[in-house]
Amino acid sequence: MSLQTPIQNNRRYDPDEIASYYRYRPWLAWARALNIIWSFAAFIFSLKWDEWQNQVEQNKSKRAAQLRQLLTRLGPTFIKVGQALSTRPDLVRKDFLEELVKLQDQLPPFDNAIAYQLIETELGRPVKEIYSELSPSPVAAASLGQVYRGRLHTGEEVAVKVQRPNLRPVITLDLYLMRWAAGWLAPWLPLNLGHDLRLIVDEFGTKLFEEIDYLNEGRNAEKFATNFRNDPRVKVPAIYWRYTSTRVLTLEWLNGFKLTDTQKVKEAGLDPEAIIEIGVTSGLQQLLEHGFFHADPHPGNLFAMPDGRMGYIDFGMMDQLDENIKETLVDAVVHLVNKDYNDLAKDYVKLGFLTPDTDIRPIVPALEATLGNAIGKNVGDFNFKTITDQFSELMYDYPFRVPAKFALIIRSLVTQEGIALSLNPNFKIVEVAYPYVARRLLTGESPQLRRRLLDVLFKDGKFQWQRLENLIAIARTDENFDVLPTAKLGLQYLLSDEGKYLWRQLILALTEDDRLHTEEVQSLWNLVKDDLKPNRLLDVAIGVLTDLSKQRVAAILPSVTAITTFGMKR
């Protein structure tokens with residue numbers, strides 16, 4: 001086997017080939033492993049020494065810088081871990097957080113001469129022939145590359161991203177060690193992650209290999225831009241393909257402010273709350289609508305632009321969800337907030353957190369006890385830190401597992417919540433997320449979403465008025481939500497063949513619950529009466545009466561007659 005084969009030439013992550021390579025070169029793996037172990041052991045010892053000497057407060061800034069330097073020295077894989085932690089002010093103490101934030105775009109750059117040479121090698125001509133201007137030093141240095149600010153000869157201002165040298169061998173070796181450690185440690189962990197740990201490493205490895213292919217990143221950026229082409233709040237930079245290769249990426253320059261720089265955001269006249277809403281809503285759109293999501297949305301990759309838009313960059317680490325997962329995620333959010341723990345347990349089975357042969361009966365009360373406390377009396381009390389803390393207890397006692405696909409989803413959601421918390425420490429993600437889901441259910445035009453709405457509004461064959469009222473009330477918390485178009489869409493669905501069942505059940509619920517004369521129902525009639533079809537009303541009324549026993553017919557006949565008469569008078 002060639003020394004370079006799995007290290008330099010492969011553009012796809014292949015754990016078996018990597019393992020085969022290092023199996024015959026164990027000295028390389030052991031040297032790296034000892035370096036990692038020794039580095040962390042020395043850091044942990046320094047923390048303990050501060051405790052023994054009562055110097056924790058005195059040295060905390062020094063230790064935070066030491067941790068950042070340690071992760072930087074260990075390279076891209078560990079820098080990625082530090083970047084993820086830098087977005088969690090609720091998990092990492094402030095002094096460490098301030099240092100870890102520097103890992104996003106304040107890493108030591110590599111030599112400019114090497115970067116310029118790589119540009120010329122990859123693009124096949126001198127730098128001066130490609131760019132009319134190029135900054136003499138990088139404006140930002142990240143874990144996988146560094147960025148220069150430049151201008152094309154045609155006048156466009158651009159960012160030029162150049163990959164770090166010798167990157168693939170370093171990442172490959174770290175992934176091999178992580179996978180080996182995952183297999184060895186899994187049986188000893190107190191959580192039921194087991195065999196999934198190596199799958200999670202493989203998922204991370206696959207995405208990391210995709211991230212260091214800049215041609216793939218360019219394609220991802222264009223797909224992401226297409227998904228948000230009708231959203232004026234989201235900005236994605238254009239890709240200049242003539243000046244892009246596997247290790248050099250030329251894209252449109254975006255001016256903006258880091259989301260964690262609250263002071264500059266406010267000085268620019270921007271509302272942090274509005275920025276938060278754009279970030280969370282666009283994140284939910286990626287997961288629940290497009291199915292194509294940014295898996296690395298740390299503050300170095302998101303900008304608040306002067307015109308109020310959210311600017312996204314760095315599309316190397318992305319993932320795709322199929323329709324079934326998207327629909328089940330919507331179900332899970334609704335079932336969680338509605339406290340339907342039996343249905344929520346079934347959602348976990350569909351998503352792969354529980355195997356299909358798992359007996360969910362003992363899990364349902366455990367979910368109720370654990371997640372019920374996490375949510376509290378108000379859905380606004382919910383956040384991911386709370387839920388992960390509570391959920392860890394369930395993972396210890398029951399056969400939950402983390403599907404490899406969801407490692408990136410969880411990372412994306414947790415990171416976005418962390419960014420929002422940095423802008424507003426009192427931020428509650430469900431205050432934005434659930435209104436979005438409610439609007440999606442109420443205004444959704446796809447058959448799948450309409451079926452989800454039916455599942456929400458009916459339980460054990462009975463219409464749930466409280467849930468409908470909750471959905472509308474929550475959706476109305478968004479100032480942009482207008483109940484009138486929603487009512488029109490709902491009526492169009494009710495009067496279609498597909499909505500015939502719901503229409504009949506709705507009339508039954510109106511009559512049996514004696515809601516025909518309430519102010520809300522009368523207002524609804526006034527909103528939609530111009531679209532009512534007398535023949536449809538009559539057909540439905542006859543169908544309703546046919547379905548009922550004689551006793552129930554006698555009880556509700558006056559109400560059904562009132563409905564049909566109201567429609568016929570038009």
Side-chain angles (χ1 to χ4, degrees), residues 29-108 143 174 177-178 180-193 197 200-201 204 260 262 298-300 370 373-374 383-397 402 407 410-411 414-415 417-422 425-427:
W30 279 111
R32 176 63 171 167
L34 289 174
N35 181 31
I36 294 170
I37 293 170
W38 174 256
S39 298
F40 278 104
F43 176 69
I44 293 171
F45 178 78
S46 65
L47 293 178
K48 298 302 294 184
W49 181 262
D50 288 342
E51 290 183 14
W52 297 333
Q53 299 297 315
N54 294 321
Q55 295 180 334
V56 173
E57 287 298 316
Q58 179 181 340
N59 291 337
K60 65 179 183 179
S61 297
K62 179 181 177 181
R63 298 308 175 208
Q66 184 181 346
L67 176 61
R68 174 181 55 80
Q69 294 162 2
L70 167 62
L71 296 176
T72 302
R73 187 170 63 253
L74 289 175
T77 310
F78 294 90
I79 291 171
K80 286 288 183 185
V81 174
Q83 288 175 345
L85 290 175
S86 72
T87 65
R88 296 302 299 182
D90 52 340
L91 298 180
V92 180
R93 70 190 204 192
K94 185 178 180 181
D95 51 325
F96 278 19
L97 194 71
E98 291 172 349
E99 287 292 327
L100 292 178
V101 164
K102 298 176 182 178
L103 293 174
Q104 292 160 12
D105 55 8
Q106 298 181 42
L107 293 168
S143 56
D174 283 345
L177 292 174
M178 289 173 63
W180 174 82
W184 187 79
L185 289 173
W188 303 97
L189 292 177
L191 301 178
N192 293 308
L193 296 173
L197 278 181
I200 291 173
V201 174
F204 176 66
T260 49
T262 311
H298 65 72
T370 302
N373 291 333
N383 62 40
F384 279 107
K385 180 183 185 302
T386 304
I387 217 67
T388 50
D389 289 347
Q390 296 289 335
F391 202 75
S392 63
E393 300 178 14
L394 288 179
M395 297 204 60
Y396 182 84
D397 295 325
V402 179
I410 292 170
R411 176 185 175 182
V414 167
T415 302
E417 185 184 54
I419 293 171
L421 286 169
S422 69
N426 298 316
F427 169 75

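Everything numeric in this text was worked out from a predicted model, so none of it was measured.
For E57, the side chain to side chain donor-acceptor pair (under 3.5 Å) criterion is met by K60, not counting sequence neighbours. In this structure, the side chain to side chain contact (heavy atoms under 4.5 Å, CB included) partners of E51, at least two apart in sequence or on a different chain, are K48, V56. Taking the side chain to side chain contact (heavy atoms under 4.5 Å, CB included) definition, one finds that A29 meets it with L173, Y176, L177, sequence neighbours left out. Scored by the side chain to side chain contact (heavy atoms under 4.5 Å, CB included) test, W49 finds F45, W52, Q53 as partners (sequence neighbours excluded).
Distance check: L107 CG to S143 OG gives 7.0 Å after rounding to the nearest 0.5 Å. How far OG of S61 is from CD of E98: 7.5 Å, rounded to the nearest 0.5 Å.
Nearest heavy-atom pair, G82 versus L100, reported as atom, atom and distance to 0.1 Å: O-CB, 4.0 Å. Between A182 and V201, the closest heavy-atom pair is CB-CG2, 4.1 Å.
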If you look only at distance, which donor and acceptor atoms sit under 3.5 Å apart when one is on a side chain in residues 65-75 and the other is two or more places apart or in another chain?
from : atom 1 : to  : atom 2 : distance (Å)
Q66  : OE1    : R63 : NH1    : 2.9
R68  : NE     : E99 : OE1    : 2.5
R68  : NH2    : E99 : OE1    : 3.2
T72  : OG1    : R68 : O      : 2.8

**Prompt:** Could you walk me through whether N35 and R32 pass the side-chain contact (heavy atoms from CB on, under 4.5 Å) check?
**Reply:** CA-CA 5 Å; N35 181 31; R32 176 63 171 167; 3.6 Å; yes
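In this pair, F96 and F43 present their aromatic rings tilted. The plane angle is within the 30 to 60° band.
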